[in-house]
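Below is one structure, written out as structure tokens, with a few remarks after it.
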Amino acid sequence: MSDGESIKIVDAFDLDDELRSLLKPGEMVRDAENRRHRLPRYFYEVPSREAAMDIRMTPHFGLNEFVLVDLREAPRLQEFPRYVPCAVRVLAFYLEQFRAAAGASVHIAVNGGYRSPAHKMAHAATPHMWGTAADIYRIGMTILKTQDVIEKFNEVAEQLTDDITTYPYGHLTGSTVDDHVHLDLGYITVVPREISEDRMEVPQESRPRFAFEERRRRDRRAPVATSTED
Ligand SMILES: [Zn+2]
């Protein structure tokens, strides 16, 4: 009955050895302050570049915008099907609110969305490995590389909700920023309602665990005006 699209959700323990070794589902990693965090287990499987372009997470953000990486990502993870933690949809929702508050389009940098634990920029755990961080390099026509604009948009993001953290302006890689706005929601993991959680943290090759998440709107690009009737 739904006119939406569906996205396949996989339990990363059921992916092949190479993918499992790159995505490290359920493994503990340490952040720059030596705190430990458990990596996500449930991922959207993106079958093709066209699918990544077509899947809208919100009216103004497509899934493709969160998976743009350069050669610093592991080669296997640059191939389709691609994998992105399910929490990316929560990030997209917050970015949509941020876009409205900023009053202009929000452009995510290459390597500025999801980065796997195998990505060469992934020295310590950051929410980028959870799909819950975005590096924004441009808002409307404004390139974010000066202290005044970075501080202005950090303020816009932090005024929106305590759920968002930004990095202050500065030149220390990993904790400050001087050529983008970093915005994250912390280490959120999402277990989609469609999948059945399983205690077995080993591959289930004979019966791989997956589900399909229905996206309710067919075209989030063009939100229709609400009807005058209710
Ligand atoms: Zn960042």
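Note: hydrogens, waters and symmetry copies are ignored here, and every other heavy atom, side chains too, is used. Numbering of ligands and ligand atoms starts at 1, following listing order.
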Which N, O or S atom name in His182 marks its closest approach to the Zn ion (ligand 1)? ND1

Measuring to the Zn ion (ligand 1), does Asp135 have an N/O/S atom at a distance below 2.8 Å? yes

For Asn111 and His128, test the side chains for any donor-to-acceptor distance below 3.5 angstrom and give the result as yes or no. no

Contact flag His180/the Zn ion (ligand 1), N/O/S atoms, threshold under 2.8 Å: no

Is it true that Tyr42 and Glu197 share a donor-acceptor pair across their side chains at a distance under 3.5 Å? no

Give the ring-plane orientation class for His182 versus Tyr167, where under 30° counts as parallel, over 60° as perpendicular and anything between as tilted. parallel

ring-ring contact (aromatic ring centres under 6.0 Å, His included) with Trp130: which of Phe43, Phe66, Tyr114, Tyr187? Tyr187

